[in-house]
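Step one of this worksheet: look at the structure below.
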There are 2 protein chains.
Amino acid sequence: MSTAEEMAGGDPQPWAEVTPDAARRLLVAAVEAFAERGYHATTTRDIAGRAGMSPAALYIHYKTKEELLHRISRIGHEKALEILRTAARREGSATERLTDAVSSFVRWHAGGRTTARVVQYELDSLGPDARAEILALRRLVDAEVRGIIEEGAASGEFDVLDVRGTTLAVLSLCIDVARWFNVDGPRTPEEVGALYADLVLRMVGAKSGAAQK
Amino acid sequence: MSTAEEMAGGDPQPWAEVTPDAARRLLVAAVEAFAERGYHATTTRDIAGRAGMSPAALYIHYKTKEELLHRISRIGHEKALEILRTAARREGSATERLTDAVSSFVRWHAGGRTTARVVQYELDSLGPDARAEILALRRLVDAEVRGIIEEGAASGEFDVLDVRGTTLAVLSLCIDVARWFNVDGPRTPEEVGALYADLVLRMVGAKSGAAQK
DNA sequence: GAGCACGCTAAGCGAGCGCTCACCTTCGGC
DNA sequence: GCCGAAGGTGAGCGCTCGCTTAGCGTGCTC
């Protein structure tokens, strides 16, 4: 929730839907800790400490440590899905919508890298029920991107041999940004978003010459 | 070291450089356990149990649990680097060498997903010294791929705006295969390798019409 | 065939884990 | 001004963790 995240395209009012205030502070602390050290290497004492509370306070708002991860993961996936839906359902050609989808999705992963890391890489730490729920959200994410690519391919705007495989690769490329992106590195989230949108248009064989912007 | 990994393009004699036999069995058990549950969620008792030994046996061959991860990571990165070097330094055009590099690199990540997962995703679990050593290997990996792309761009074979950014994206795409690839899924490592080689050629704007194979 | 290095085990240590419990504040309603 | 609910704390329980230590069997050496 620090300034870096907000400046870099993150939500200006992140986790606003989490109430009361103490529960939100704990959740934000958990996001930071999970992103830094991973779920299993994070202790409940660490989370409570970051939120300025005693270890016991965590259990007033959350039943277990896993429930914290579950809540983070669900809210994060819903946010990711919303970003892609907005891009997929706006006006414009498949090329424009794919550009919008990739650049905004990448901006979210780069700018909110802390959150995105937890959302994308701690899925296996959830129990079976929670994981199944999150996997359903991921299928919706996949469907949004696949929809754009299918439409572009059907209209002749794109040139794609394997729609499912290409969709997988596009999402994979975007998601992996959360692994390598460095806030102190040479690229801003906006730059990476623009670069990746161009690369993805090339991958789908979009007709417009994105090669020479 | 199971059949699936060997059939799918993995090393037929994996971890042969690790001796004595008991040390290799422990290391193979650790790879499996780390890949399944992650480093921090894996106990030394679990590793020893998989290798058919008592927990104490681990400490005869390795000083700590982290030394196991360090050894796995270094051997894995050396193997990955060797794969890319072989492709980068063979005869042929930049297009041919990039195709070779991507398809073999992807085959390794898909076929040896167990190993690749540990190698690519447990880097943060290492201590500062070990992590620095591994990061040096990763820079060599990056340099091999960047070299091919630079040569293709210089000769006019490729059309690339941002060589460093494109290199990053290509490697990112390949590495993320270890996250999503499923041995029981619909695609073989060879199919993913071929698909990804085609997508990467599109990303670098290779002149040859890979779009219509 | 005695001596011994080596590989391994059974038992367990100190520490830190997730989580609980008894109790303490604060504060709005009447 | 009293009261109960809501939200917090300090202490600590039971457990499992990474790792150690004392001792045992086995096979090689001479």
Side-chain angles (χ1 to χ4, degrees), chain A residues 15-73 118 122-131, chain B residues 15-73 118 122-131:
Chain A
W15 310 114
E17 62 266 61
V18 181
T19 52
D21 183 67
R24 179 169 53 247
R25 269 158 50 218
L26 283 164
L27 189 133
V28 168
V31 169
E32 289 175 6
F34 292 162
E36 272 179 33
R37 308 141 111 89
Y39 174 78
H40 286 293
T42 299
T43 70
T44 54
R45 285 164 176 82
D46 182 24
I47 296 169
R50 284 172 191 251
M53 294 167 148
S54 75
L58 196 152
Y59 294 90
I60 294 165
H61 301 283
Y62 302 96
K63 233 167 39 194
T64 61
K65 179 176 137 184
E66 193 196 317
E67 192 192 321
L68 260 169
L69 178 61
H70 184 191
R71 282 260 244 278
I72 292 166
S73 198
V118 179
E122 296 290 350
L123 190 67
D124 291 343
S125 302
L126 289 170
D129 292 353
R131 183 162 58 237
Chain B
W15 310 114
E17 62 266 62
V18 181
T19 54
D21 183 67
R24 180 170 51 247
R25 270 159 49 218
L26 282 164
L27 189 133
V28 168
V31 169
E32 289 174 6
F34 292 163
E36 271 179 34
R37 311 141 109 87
Y39 174 78
H40 286 294
T42 299
T43 70
T44 54
R45 285 163 175 82
D46 183 23
I47 296 169
R50 284 173 191 249
M53 294 165 150
S54 76
L58 196 151
Y59 293 92
I60 294 162
H61 300 284
Y62 302 95
K63 233 167 40 195
T64 62
K65 178 176 140 186
E66 195 196 315
E67 191 192 321
L68 259 169
L69 178 61
H70 184 191
R71 283 258 244 279
I72 292 166
S73 199
V118 179
E122 295 291 351
L123 190 67
D124 291 343
S125 303
L126 288 170
D129 293 352
R131 182 160 60 238

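Every chain is numbered from 1, with letters handed out A, B, ... down the list of sequences.
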- Contact string for nucleotides 16-29 of chain C, one letter per nucleotide 5' to 3', B = base within protein heavy-atom range under 4.0 Å, S = sugar-phosphate only, - = neither, reads -BBBBB--------

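Shown here are the side chain to side chain donor-acceptor pair (under 3.5 Å) partners of H40(B), two or more places apart in sequence or in another chain: there are none. Applying the side chain to side chain donor-acceptor pair (under 3.5 Å) rule to E66(B) yields no partners; only residues at least two apart in sequence or on another chain are considered. T44(A) meets the side chain to side chain donor-acceptor pair (under 3.5 Å) test with no other residue; sequence neighbours excluded. R71(A) pairs by the side chain to side chain donor-acceptor pair (under 3.5 Å) definition with E67(A), not counting sequence neighbours.
Distance check, rounded to the nearest 0.5 Å: CG of L26(A) to CD1 of I47(A) gives 8.0 Å.
Of the possible polar contacts, one joining the K65(A) side chain to the T42(A) backbone as a donor-acceptor pair under 3.5 Å is found.
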What nitrogen or oxygen pairs link the protein and nucleotides 4-8 of chain C at under 3.5 Å?
residue, atom, partner, partner atom, Å
dC8(C), OP2, H61(B), NE2, 2.8

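What you find for A16(A) and R24(A) is that their closest heavy atoms are O-NH1, 3.8 Å.
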